[in-house]
Every structure is written in structure tokens, then in C-alpha cells.
Q: 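Got a structure here, written out as C-alpha cells. Questions coming.
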Amino acid sequence: MLNEGRSTYGRLLLGVLVLFLVALAGVCTAGRLSPGYTLDLGPGEWGRLQGFYDWEDNGLYTYRWTTSRARIRLPVLGAPRRLTLRLDGSRPPAFETAAVTLWLDGRPALRIEPAPGPHLYHLVYEAPSAWRWESVLELRTETFQPPGDARHLGGIVDRLHASRPLRPTGLLWPLVLLWSAVGLAALALSWALGWPLEAGLALGLSLELLLSLLLARFLPAVLPWAGLLLGVLLGAALVGRLFRGRSALGWARSSRRRERPWAPFALACLLLALVLALLHLLTPYLPVGGSWALQVLEPFYAPAGPFPRSLLRWLPLLAVACAAIPRFNRDLRRLVRGLIRLGHRLAPRLRPPGRWLLLGLLFVPLGYALRSRVLWGDGPHLIAHIGAGYRFKEAEILAFFSQATLYQWAERLWGWRVEDVYVLSGVVLGALYVALAAALSEEVARGRFGRVAAFALLATLATVQFGFGYLENYTFVTVALLALFWQMLRVLRGRGRPALVLALWVLACACHLQALLVGPAVLYTLVRAWQDLPAGAPRRLLLGRLLLAGALPLLALVALLSAGGYDWAALVQGGWTRGNNPYVLVPLRSPDGYSLFSLRHLANLLNEHLLVAPVVLPLLALLVLWAPRRVPWRDPALRALLLAAVGLLLFASLMYPDLGAAMDWDLFAPVALPYTLLCGYLLDRVVADGEAKRYGVTVLLVYAAVHAALWVLLNARMI
């Protein structure tokens, strides 16, 4: 045994040495193989830009206007390079051309008198520090303000090109240590999950080689990706260590009654999926104002991806047609079952909460890779206000406070932009969204297929867009509501804590005041918990815990937000409730004809749910009509979800909306959460398990997944 332990430690030390040597060789080789690279300041996000306005297109090239001080953060390996900047000194005739001074890493390097029209200007970066993570090129100039434009404009920048290293690259030891840390984190993960040492070593070497290839290509994303990989690996290792226990698959075996897939329920699901897919093809023939949910592929900017929009409109129908083929349908379900088994084999000793968190961590790289690059609605407003140090009065109290405070810290420490802060918070909260969706699927469904379907319904809502760095504040209330519903269901099953339900409700209300309308569902849950107390139980103790759970978070939030400068007077006055509208609620009558019972308002409501949850409400109606006697109306869980769904639907129906693909769809998106959970709950109980159910629901889920993927890719400017 002693010799075996020494052998294990010897192999571990050898593995650590191999990881360090590969990291050393990778960083050293990458610097000598790195080619030149170009940072395009148009719609592509190839650099780290600060002090620039949004991109524009003059028909010849794309460009950005600078402010008085604009910075471009460049990746660097300590190698001298020739920098070529393409500037345009054009200004309106009433304004004189201003000189531009280039600063490199805080030192003046070159003064330029830019001529009208695009010209190339060269600068040799002779002696960069070998210990810098990046170089900063700053452009300083005098600004002007065109008539009718609130912006203060400096100069026009098209692109920046960095040549190949003029001399061999110096070795950057911080990168070597970071690469080694990624490899060691892979070893820690393998130990926490019980993998062989060789598996962890292979994973670490693969990630180090991948980072070295990125570094060789000089992609600016190499440092964020390295930090992201390190954080995900360490988080997964921590989860594996904390939630280690006996193997518990957690998937109930469902009866498999063989029947033809062409049963009535399967045909109804297939017909519904075909109707939804065909609606995308009808968008050119529908009025723009009345069908904005179906025209998400026709936004207000030119296509950025390689696929024509006319072809993408056919993608939902093609996906439904493929999923309708019985053999392909079965193979798709077999693939999902295989992935579930693979997850259990990779982490056989983890308890279910550990698996949920690992599933959420797997979302992090995807969320960062497909992060949103489109600023819908209030995005520019948030960038301008948070960047200027604005202290807030919005309804999303805690969310705005968190984003503004995080920006102040990150900008001071690392020079982050407002967009970077939203990417960080969005990806982290997106991982929590996925983990909570997995946890809720365990609560609402009993069979294996029912749990997978409930998880897939939540994961394919357009609400998942919030997890991809979407520049808005509704991610917080979405995750808070999911956590609240999870604890409510646990309490109603006799496994949760009522005090935690009340605390989460207070937190959700602080994230956005629409959570107040979930109050009846919370009250029902607490009353049921009180009634279910066994005889002789200390009821005063439960009452005391509830009072503390409600009062302590509320007092802590009030103190925190008051210290942060929240404008409580503006909240009481209620001016924020109107937004861009003259009304708070939809009026019964109005001069422009937009009223509570008007067709325009009904069209907006339908479009909202077609965008956020296109298959959920029709499937929910189908389930209720299919077998109303099988609906367990007296189940407390069903009643609580129904109360929550009614409350949020009233919010979406009565609040005066600025609805559209670019406006306020996100404000009402959390409304879909309770009725999606209700749909997953009834799907598991109303329709008998069998081939017809699995076939029909799979077709619907394929359509929902394609719909959500198109929405995410559109915001990531990949289509």
C-alpha cells in the first residue's frame, strides 16, 4: 500500500511537471509563430474598445467615431510590432480638422494631422514590456458636436493592423503560469470526480494546446478564454468535492408501452409544430406591426452571417420535417439518453445538486462564445447612464445596483466596459438558470422523459437569451423567480423551508417589482406549510422564522441600496412606471385606439408569447383539453403554479407595453416561467407515457430549440 501511494504521488508530480513544460513550450512557440492581425472597428468585435461610439457604414467601409479619448486594448507578447492605423479626418465644413495624438501604454508616441478621407498612418512599437498582458493604444483629439446630434465626435477610425513580430518574442511568464493553472485545474477536476489521473492529464494538455493555438493566432479573446476555462474547471472541481456522495441516478424508470407514433396526441403535436414553423415563412406577407415576433430574422441592420435570411426562414420547417421522421426522432431521443448516461458515468459519485451545478457550468463557455453583440431597447441608455456614474431609480432595483457597482469596481481595476460587466453577470446568471431548470425538472416531473421534457421546455424559452450577455437587467428577476418556484414546490412536497420561500420572494421583488404579483402564490404556499405542520409542532417557531426571513433581507436591502444612492423618492413618485408611455396601465379607451380590448393589444400579447414561449401555451391548452379528468386540480403544487401564472399574466396584460422585437419583450419574458412549469407538470401526468407521447413532444421541442437558437444567434450577430 505504501509503495502504491508513493507511485501515485510520483505520477502526480510527473504530470504536474509535464503540464508546466507544455505550457512553457506552448507560450514560447506561440510567440514565434504568431502572424499579423487586424482589428476591425466595424460590426465585428475583434478588439477591446473603449471611448468609441457604435459602428456606422458609409457604403464604402464600416467605422466608428471616437470620443476625446478612445482606447484600443491589444493583446501582446512583448514583441516589437509595426502598427498601421486607418484614419479618416473628415469633418463637416463648419468644423476644422483636429490633430490626433497616439499614446502607447500611457506614453505619447505619435502626433498625426489626419487628412480628409481614409489614410494609413504607421507606428513602430519598439520596446513593449515582456510582463504586460496587453498594450493600450489611446487616441486623443479635440471633439465637435454636429447640429442635432448629442454626441461629441472626435475622429473616424476604420481598422488597426499589427504586423508580425519584428524580432523574436520575449517569454511572458504570467501566461505560462496561467496555462499551467488551467492544466492543474483539470487535474483537480479529475480527482474530484474520481477520474483516472491519465484522463485529467489528457484534458489539461488538450486545453493548454488549445490556448497556445489561440495565442499563436493572436486572437484578443485568448486571455478571457483562459480565465474562463480556469474558473469553470475550478468551479467544477469544487462542486465535485462538495457534492460527492453515493451514486444516485435520480431518473425514475418509466414504463415503455410500445405503440404506433401516429396516435392522435402525436399527430396533434406534429400539426402544432408545422403550423408554428410555417408562420416563419409567412412573415413577408404579414403586417410588420402585427407580427413582430415572427420577424426576428428581419432586424434593423444588415445581415452579418454567411447565410441569407430567406434560407434561414426555412430552417424551422426543415427541423420539424426531420424530427417528424420516426427513425430520426428515435435516434434523437437515443442520443439524449446517451448523453445523460455519459454524464452519470463521468460523475458517478455526485449527488443530484452537484450534477445540476455541473450542467450549469457547462453553459458558461457557450454563453461567452455566443454573447450578445446587439443592443436592443435600453442597451445604449444603460451604457450611457452606468458609464456616467448614474445612480438609479428604476423598478429593477437590485439588478441595476449590482450592475452599476460591479462596473465601478471592474472599470477601476481592469478597465472594463459596461458591456463586459453585463457579459460577466449574464453568463454567471445563465449558468444558474440552467442549474435551476434542471432542479425544477426534478420537482415537476416523475418519469425520466418527463424530466427531460420539463428541462427542455425551460431551456428553450427565449428567456435563455438573458444568459448570453444580454445588456438588460431582467436576468436577475428571472433567476430569482426560478429559485423561488423551486423552493415553493419543495415546501409543498414537504422537503423545503417556508422561511427560505419568503426570503427568496423579497429578493425577487428587489430584482423587479413584477414579482409582487407572485405574492398570492407565495401566501398560498406558506398557508399550506402552516396547515401541514404535525400536531404539537412549535408553530410560534415557524412564525418567528417567517418574520425574520421577511424582515432581515428587506432591511439589509434597504440599507445597502440607501448606501449606494438609490432614489427612493423617485420610486414612491412612480414616474418610472410609465417608461416611454403616457399610461401606466392599458386604458379602456384611448385617442389612438390602443385599449385593453383592442386587436392591437391582443396582437402584442400573442407576439410576446410567440417570441418567448411559442410551443408552451398551445401545448398547455392541448393537455388541458386532452384529458381534463386527469388534471390533478387539487394538487397544491398545481394550484401554486396556477396562482403565479395568473399573477404574472395579469402584469403582462394590464401594463402598457412598448412591445416589439427591440422593445420590452424582455420586460414581460419572465411571465412565461410559471406556465412553462405548469406545462411540464401536466405533461408528465395527463398523457400516458408511450411512443406517441415521446414522439410528439420531441417534435415540439425540436422546433422550440431551433426557435431559441435563431434568437440567440441573431443577438450574437452570427446570422
Side-chain angles (χ1 to χ4, degrees), residues 26-52 55 60-67 69-90 97-141 154-175 211-224 415:
V27 173
C28 184
T29 306
R32 283 158 175 74
L33 297 179
S34 60
Y37 60 95
T38 300
L39 302 180
D40 187 359
L41 275 66
E45 189 182 10
W46 296 106
R48 305 291 289 176
L49 310 178
Q50 292 176 287
F52 287 89
W55 68 279
L60 300 176
Y61 59 90
T62 57
Y63 61 91
R64 292 176 186 261
W65 281 98
T66 72
T67 58
R69 289 190 177 188
R71 297 198 298 172
I72 305 175
R73 297 159 56 188
L74 307 173
V76 68
L77 286 179
R81 293 176 181 266
R82 179 178 292 107
L83 304 180
T84 302
L85 196 65
R86 193 175 191 222
L87 296 178
D88 187 344
S90 301
T97 302
V100 177
T101 304
L102 303 182
W103 291 61
L104 273 170
D105 296 336
R107 300 178 181 178
L110 181 66
R111 181 180 173 85
I112 299 174
E113 298 288 344
H119 291 80
L120 301 180
Y121 301 92
H122 305 280
L123 170 66
V124 176
Y125 193 9
E126 286 288 355
S129 170
W131 288 91
R132 296 190 65 89
W133 292 87
E134 62 184 8
S135 293
V136 179
L137 176 66
E138 186 174 355
L139 294 82
R140 300 185 182 182
T141 185
I156 295 174
V157 183
D158 175 24
R159 65 185 59 184
L160 173 69
H161 177 75
S163 70
R164 293 177 58 89
L166 302 179
R167 295 192 299 275
T169 305
L171 188 61
L172 192 59
W173 287 104
L175 282 182
L211 292 174
S212 299
L213 288 175
L214 284 176
L215 197 59
R217 296 300 303 170
F218 248 107
L219 292 178
V222 62
L223 290 178

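Below, all heavy atoms of this structure are taken into account, side chains as well, without hydrogens, waters or symmetry copies. Residue indices begin at 1 and follow the sequence shown.
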Q: Table please: side-chain donor-acceptor pairs of residues 107-119 below 3.5 Å, with sequence neighbours left out.
A:
unit_1, atom_1, unit_2, atom_2, d
His119, ND1, Gly117, O, 2.9

Q: Under the rule for side chain to side chain contact (heavy atoms under 4.5 Å, CB included), what residues qualify as partners of Thr67, not counting sequence neighbours?
A: Tyr53
Q: Do Leu85 and Val100 have side-chain heavy atoms sitting under 4.5 Å apart?
A: no
Q: Contact between Val157 and Leu87 at the side-chain level, heavy atoms closer than 4.5 Å - yes or no?
A: yes
Q: About how many Å separate CG of Leu160 and OG1 of Thr38, when rounded to the nearest 0.5 Å?
A: 8.0 Å
Q: Please identify each residue that fulfils salt bridge (charged side-chain N to carboxylate O under 4.0 Å, His left out) with Arg140, with sequence neighbours left out.
A: Glu138
Q: Kindly compute the distance separating CG (Leu83) from NE2 (His161), expressed to the nearest 0.5 Å.
A: 9.5 Å
Q: Between the main-chain N or O of Ser163 and the side-chain N or O of Arg81, is there a donor-acceptor pair closer than 3.5 Å?
A: yes
Q: Between Ser212 and Ala30, which heavy-atom pair has the shortest distance, and what is it?
A: O-CB, 3.6 Å
Q: Please enumerate all residues that pass salt bridge (charged side-chain N to carboxylate O under 4.0 Å, His left out) together with Arg71, with sequence neighbours excluded.
A: none
Q: How long is the straight-line distance from CZ of Phe52 back to CH2 of Trp65, given to the nearest 0.5 Å?
A: 12.5 Å
Q: So, using salt bridge (charged side-chain N to carboxylate O under 4.0 Å, His left out) as the criterion, who are the partners of Asp158 when residues are at least two apart?
A: Arg86
Q: Report the residues that fulfil side chain to side chain donor-acceptor pair (under 3.5 Å) with Tyr121, sequence neighbours left out, ordered by chain and then residue number.
A: none
